[in-house]
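Just so it is clear, the model here is predicted, and its values are computed rather than measured. Values below: every heavy atom of this structure, side chains too, minus hydrogens, waters and symmetry copies. Quick note on labels: first sequence line is chain A, next is B, and so on, each numbered from 1.
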Amino acid sequence: MATFQTLPGFREFYPEDLARRNHLFRLWRQTANTFGFAEYDAPVLEPLDLYKAKSGDEIENQLFSFTDKGGREVALRPEMTPTVCRLVGAKANALKRPIKWFSIAEFYRYERMQKGRGRCFFQFNADIFGEPGPEAEIELIALLVQCLCAFGLTDQDFYVRLSDRNLWFYYLEALGLDEARTRGVLGAIDRYEKYGDDAFKGYTETFGPLAPELKTAILDFLQIKSLPALEAKLQTLGGEKLAGRLADWRKLLGALDAMGLARFVEVDLGVVRGLAYYTGFVFEAFDRKGELRALAGGGRYDDLVQKLGGPALPAVGFAIGDMTFALLLEQRGLMPTFVQAPDVYCVIGGEAERQAAFGDIHALRAAGYRVDYPMKELAFGKQFKAATESGAKLALIYGGDELAKGVVKIRDLNQRNEVEVPRAQVAAHVRDFFSGS
RNA sequence: GCGGUCAUAGCUCAGUUGGUUAGAGCACAAGAUUGUGGAUCUUGGGGUCGCGGGUUCGAGUCCCGUUGGCCGCCCCA
């Protein structure tokens with residue numbers, strides 16, 4: 001039993017685990033590139049104030065934070081958004097618009113671990129800065145969908161719930177609520193799906209009972225599940241702000257439809273996201289069966305860059321976490337098993353043969369082929385077994401007979417046939433084999 | 001932070017009302033096997049029974065504590 005254990009909630013990646021992780025990263029990166037997003041990275045350790053400024057002191061409970069040797073209050077990053085806002089804010093005027101950036105990075109949160117949640121996890125983050133209209137949301141939701149579809153997931157496996165915090169703000173304003181009450185109601189809406197009427201308890205305790213006609217109006221709004229229903233509702237209210245939001249909704253859903261992605265997206269005003277900094281459209285991706293926690297989440301945060309010391313700069317972004325996503329892929333049988341197989345395995349008779357083999361082994365490796373060989377002398381039978389188990393397609397046989405004749409026997413491990421090739425032509429033969437297959 | 005549950009070999013697990021030196025399968029390694037395939041047989045390495053204390057002639061087994069895993073709640077940037 002090992003004396004030292006991994007810290008709770010932290011993860012170790014043995015080769016098979018890392019292969020799966022890399023698979024996620026590879027396809028995410030590839031997909032982001034096809035959408036024209038540029039990759040960036042940033043420090044894991046940040047000033048604690050970067051997170052305090054955004055969300056208040058109570059966030060500190062879930063931060064890995066400490067005082068460094070220089071007396072600075074620092075924290076391991078719990079998310080990317082503040083960091084990327086700082087990066088973009090610092091050079092905002094020099095960056096070509098639109099700014100489309102993505103990253104794949106590890107984050108840390110000091111919380112109780114659970115299925116799909118640990119104290120460290122990876123996220124794919126994508127953000128667009130400098131675009132105030134729904135064009136940014138169009139691009140990001142399309143990217144989000146493709147980041148999941150790239151793995152073979154379909155609209156049978158997941159969907160994106162789309163909502164709008166500004167719509168709620170304007171709607172509740174039209175109903176006569178002030179800002180504090182509006183936030184209280186949004187909190188209740190966030191919990192309504194889970195708790196039903198109990199979700200309004202917190203609001204009632206702070207502001208007193210909600211007038212029945214107000215509650216009805218709110219629950220009515222919550223029932224809206226389509227654009228036509230939304231249009232019908234808003235027409236009865238009128239108002240410039242709400243009309244503006246409706247135009248954005250039409251544009252966003254129209255574009256997603258034109259991309260053929262409408263089947264992935266559902267209008268669901270019950271999504272408001274707990275995060276205080278969202279200002280417009282918000283969206284979350286879930287598995288269709290509803291068994292897992294959210295796969296991804298994001299939205300518009302037009303005020304955050306400025307709040308963190310940059311210029312006023314509209315922004316939209318989302319993140320996909322690696323843990324829940326990997327669970328979904330495994331459930332659907334879409335997580336491949338990765339074998340790290342060499343192209344060529346060398347079967348070597350003895351010490352003299354080994355010396356001869358080394359020259360070819362190194363030359364083949366330098367030419368880009370994956371070549372492996374047994375480190376110790378082994379009986380031929382064992383070596384052929386090892387060659388088969390390794391998954392190699394070719395075996396190069398360096399035996400006493402071959403050495404004497406100046407040849408190498410090359411065996412096709414799948415076809416089970418072999419040819420003798422002069423030593424000087426081994427590299428050429430291997431190249432022909434792999435370029436032909 | 002709260003509640004439930006579990007912890008024996010690298011993995012999956014047996015282990016009798018508390019009783020000799022804690023077992024199996026898989027995996028790993030060696031041999032049978034000095035020139036041809038995922039087989040078979042034989043053998044081997046590997047354990048402070050999570051950790052600490054208590055009860056007892058005797059604890060993997062019972063009791064208390066603790067650490068860690070899993071599940072749920074809270075939270076979820």
Practice task
Identify the nucleotide, in any strand shown, that forms a Watson-Crick or G-U wobble pair with rC62(B), with both distances under 3.5 Å; if there is none, say none.
Solution key: rG54(B)
Fill in the blank from the handout: Rounded to whole Å, the CZ-C1' distance (Phe384(A) to rU34(B)) equals 13 Å
Problem - Rounded distance in Å - NZ (Lys385(A)) to P (rU36(B)) - result: 15 Å
Problem - Tyr159(A) versus Asp287(A), side-chain donor and acceptor atoms under 3.5 Å - result: no
Exercise for the section: Could you check which nucleotide pairs with rC73(B) in any of the strands shown, counting Watson-Crick or G-U wobble with both distances under 3.5 Å? Expected result: rG1(B)
Problem - Contact under 4.0 Å: Arg112(A) side-chain N or O vs rG68(B) OP1/OP2 - result: no
Problem - Strand partner of rA27(B), provided both Watson-Crick or wobble distances fall under 3.5 Å - result: none
Problem - Rounded distance (Å) that lies between atom C1' of rG69(B) and atom CZ of Arg117(A) - result: 16 Å
Handout entry: Below 4.0 Å: OP1/OP2 of rU36(B) and any side-chain N or O of Lys409(A)
Key = no
Exercise for the section: Would you kindly give the CD-to-P distance between Glu420(A) and rU36(B), to the nearest whole Å? Expected result: 15 Å
Problem - Nearest-Å distance once atom P is located in both rG31(B) and rG45(B) - result: 16 Å
Practice task
May I have the distance from Phe380(A) (atom CZ) to rU36(B) (atom C1'), rounded to whole angstrom?
Solution key: 9 Å
